[in-house]
2 protein chains.
Amino acid sequence: MSLDQNEWNEQQYEAVQRIRKRVIEVVGRNMELYGVTLSTGHLYGLLFFADKPMTLDEMGHEMQMSKTSMSTGVRTLLDLKMVNKVWEKGSRKDLYEVEYDWYQTFTDYFATQWRRAVESNMQALRRAMKEIERLAEEPDTSEFMAGVLQKDLEKIRQAESYYRWLDRVIDAMEEGQLFDLVPRES
Amino acid sequence: MSLDQNEWNEQQYEAVQRIRKRVIEVVGRNMELYGVTLSTGHLYGLLFFADKPMTLDEMGHEMQMSKTSMSTGVRTLLDLKMVNKVWEKGSRKDLYEVEYDWYQTFTDYFATQWRRAVESNMQALRRAMKEIERLAEEPDTSEFMAGVLQKDLEKIRQAESYYRWLDRVIDAMEEGQLFDLVPRES
DNA sequence: AAGTTCATACAGAAAAAACTGTACAGAGTT
DNA sequence: AACTCTGTACAGTTTTTTCTGTATGAACTT
């Protein structure tokens with residue numbers, strides 16, 4: 001994708017870059033839904049169009065940003081499994097390329113991020129339920145307080161039920177059952 | 001939930017608040033997945049436990065924050081359909097309560113946020129494809145450039161295919177089909 | 001109509017996050 | 001073992017976001 005080989009001219013190169021840039025811009029912007037920065041989104045877009053795995057230095061050069069930023073950006077994308085580290089003998093530098101299987105990216109995102117949230121929420125809810133039950137049984141608990149506790153408990157139970165459902169949704173995704181409901185294109 | 005009625009004492013009130021606070025903390029933190037601030041998440045948690053719809057002033061008082069912040073926070077949650085505006089005769093103030101149907105909240109979130117992203121991405125990809133095809137047909141396009149264009153086009157086609165799938169997933173959610181795959185608890 | 005009470009627009013302050021340059025540790029080479 | 005190269009930790013700077021206080025306009029009351 002560099003220009004130095006004389007296989008095409010400046011003008012043609014610019015034309016391609018212009019097209020890519022617009023796509024990168026939009027895709028990068030919408031990647032904020034995955035909780036990544038705009039610039040990390042752009043980095044992803046850059047890697048998406050790269051015709052070969054890139055090094056941090058190359059990214060920094062293309063993005064006009066510091067290598068440090070590339071390092072952290074790549075790490076974020078790595079955590080989200082949106083890019084993969086690639087090994088190439090001969091090169092001492094780390095190489096990265098995007099995960100082109102976006103279905104995988106999507107489900108992995110849920111598997112990791114949402115699962116984490118579901119679990120921490122469930123844990124908090126269960127603890128709260130225990131606390132409430134303990135409190136409700138104390139002798140100096142007034143009628144009024146018992147009522148408040150009961151209402152809270154009911155709300156928490158409903159929330160927990162929802163989280164159990166969400167947990168099963170994530171299971172279904174991980175096991176690929178979502179593709180039964182909504183098939184991939186051939 | 002206020003203390004001024006003498007139905008319970010300071011200590012009991014504190015005990016309940018402590019339990020709630022922990023739940024609010026966790027739920028609020030995980031709400032960053034929905035792209036909302038920590039403090040907006042806390043606001044949501046506050047409303048979750050409120051035993052009646054709240055006014056901006058009440059929220060501000062409980063959260064120890066300005067009414068302006070409450071206003072913007074509530075608006076964010078309203079946009080996400082996580083809270084509802086409630087009418088109550090006699091009161092001139094706006095009242096808000098959380099949407100307790102979290103299944104609905106979840107699917108609404110996808111329906112609005114992800115759909116928006118999918119659509120804007122698809123539009124960008126289609127434009128890019130047209131551009132590429134136009135460019136590919138120009139007479140001064142070298143062999144090498146044609147190859148580059150072809151590769152880009154292929155990537156974009158794959159991406160578009162994914163977005164069409166995602167679009168159908170969102171359809172399926174909106175139409176409640178997700179509940180066929182993963183049933184709600186009774 | 002004048003007077004309240006409310007929500008929010010707006011500008012500025014405070015806080016948080018993103019980004020950079022430097023420094024350094026670890027792996028690889030000579 | 002000395003040297004080189006690479007990725008990242010860290011501190012400081014810049015940019016962005018969040019939050020607040022004031023001001024204003026709309027709706028309601030008298």
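Residue numbering restarts at 1 for every chain, and letters A, B, ... go by the order of the sequence lines.
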- request: Could you tell me whether A:Y34 and A:W102 have their ring centroids closer than 6.0 angstrom?
  value: no

Aromatic ring proximity A:F179/A:F106, centre distance under 6.0 Å: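 Aromatic pair excluded; centres sit 6.0 Å or further apart.
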
field: Nucleic acid footprint by protein, nucleotides 4-10 of chain C - heavy-atom cut-off 4.0 Å, B for base, S for sugar-phosphate alone
entry: BBSBSBB

Identify whether the distance between the nearest side-chain nitrogen and carboxylate oxygen of [X] and [Y] falls below 4.0 Å.
| X | Y | value |
| --- | --- | --- |
| B:E14 | B:R18 | no |
| A:E131 | A:R134 | yes |
| A:K52 | A:E58 | yes |

query: Linking I/L/V/M/F/W/Y whenever their side-chain heavy atoms sit closer than 4.5 Å, directly or via other members, would A:L95 and A:M82 fall into one cluster?
result: no

message: Checking A:N84 against A:E99: is there a side-chain donor and acceptor pair closer than 3.5 Å?
response: yes

query: Could you state the CE-C1' distance from B:M65 to C:dA15, rounded to the nearest angstrom?
result: 11 Å

query: Which is the 5'-most and which the 3'-most nucleotide of DNA chain D that has an atom under 4.0 Å from a heavy atom of chain A?
result: D:dT4 to D:dC10

message: By the definition side chain to side chain contact (heavy atoms under 4.5 Å, CB included), identify the one residue from B:H61, B:M59, B:E97 that meets it with B:M54.
response: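 It is B:M59, the one option of B:H61, B:M59, B:E97 that forms the side chain to side chain contact (heavy atoms under 4.5 Å, CB included) with B:M54.
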
Mind listing the side-chain donor-acceptor pairs of residues 70-77 of chain B below 3.5 Å, one per line with the distance, residues two or more places apart or on another chain?
| from | atom 1 | to | atom 2 | distance (Å) |
| --- | --- | --- | --- | --- |
| B:T72 | OG1 | B:S69 | O | 2.9 |
| B:T76 | OG1 | B:T72 | O | 3.0 |

- request: Please work out whether the ring planes of B:Y109 and A:W114 are parallel, tilted or perpendicular, with thresholds of 30° and 60°.
  value: tilted

- request: Please work out which residues in residues 25-40 of chain B have a non-hydrogen atom less than 4.0 Å from an atom of DNA chain D and list them by number.
  value: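 Contacting residues: B:T37, B:S39.
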
I'd like a table of donor-acceptor pairs (distance under 3.5 Å, sequence neighbours excluded) in which one partner is a side-chain atom from residues 24-32 of chain A, with atom names and distances.
| from | atom 1 | to | atom 2 | distance (Å) |
| --- | --- | --- | --- | --- |
| A:E25 | OE1 | A:H42 | NE2 | 3.3 |
| A:N30 | ND2 | A:V26 | O | 3.4 |
| A:N30 | ND2 | B:A117 | O | 3.4 |
| A:N30 | ND2 | B:S120 | OG | 2.7 |
| A:N30 | ND2 | B:N121 | OD1 | 2.5 |

field: Test: A:R115 cationic atom under 6.0 Å from A:F110 six-membered ring centre, within 45° of axis
entry: no

message: Can you give me the bend angle of the helix from C:dA1-D:dT30 to C:dT30-D:dA1? Use the axis through the first five pairs and the one through the last five, nearest 10 degrees.
response: 20°

